[in-house]
Amino acid sequence: MLIWVVGVAIAGDVGAVWPLVVTVAAELVNEVFDRVRTGSWRLPDTVQDIVNSILWPVVLFLLARGGVI
């Protein structure tokens, strides 16, 4: 969420797509590091981490694109 907030602050637009792309990319890199550290994919943990990390940035992005915020 912090990466998205910083990206929005720099972009100046809540509906800008690149802060969301950076947030998703950072989360995927984090999951790869987790995989390297643990030695195997832990699918339930990986899915939960991804959902928890990008849920609110995606919700806020969609609300901004829809004109609600």
Side-chain angles (χ1 to χ4, degrees):
M1 182 83 173
L2 181 61
I3 293 171
W4 184 80
V5 170
V6 170
V8 168
I10 292 170
D13 181 15
V14 179
V17 77
W18 74 266
L20 186 61
V21 170
V22 170
T23 302
V24 171
E27 176 55 28
L28 294 177
V29 167
N30 179 48
E31 292 308 316
V32 169
F33 284 145
D34 285 349
R35 194 310 189 173
V36 169
R37 184 177 47 99
T38 60
S40 67
W41 290 108
R42 297 181 177 166
L43 195 56
D45 182 50
T46 300
V47 171
Q48 184 179 8
D49 285 351
I50 291 171
V51 169
N52 287 337
S53 296
I54 66 171
L55 176 67
W56 287 112
V58 168
V59 168
L60 293 172
F61 171 77
L62 293 174
L63 288 173
R65 285 290 174 135
V68 177
I69 58 173

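This one's a predicted model, so the numbers in the text were calculated from it and none came from an experiment.
- Looking at every heavy atom in both residues, Ser53 comes nearest to Thr23 through O-CG2, 4.4 Å.
- The two residues Thr46 and Trp41 make their nearest non-hydrogen contact at OG1-CE3, 4.0 Å.
- Under the 4.5 Å side-chain contact rule for hydrophobic residues, Val21 and Leu28 share a cluster.
- Every residue two or more places apart in sequence or in another chain was checked for a side chain to side chain donor-acceptor pair (under 3.5 Å) with Asp45, and none qualifies.
- Following chains of ILVMFWY side-chain contacts shorter than 4.5 Å, one cannot reach Val51 starting from Trp56, and the two form parts of different hydrophobic clusters.
- Rounding to the nearest 0.5 Å gives a distance of 9.0 Å between CG of Leu60 and CG of Leu55.
- Side-chain contact between Val24 and Ile50 is absent, with no heavy atoms from C-beta onward closer than 4.5 Å.
- Phe61 and Val17 make their closest contact through CE1-CA, 3.8 Å (heavy atoms, listed as atom of the first residue, atom of the second, distance).
- Within the structure, salt bridge (Lys or Arg N to Asp or Glu O under 4.0 Å) pairs that include any residue of residues 30-39 comprise Asp34-Arg37 (at least two apart or interchain).
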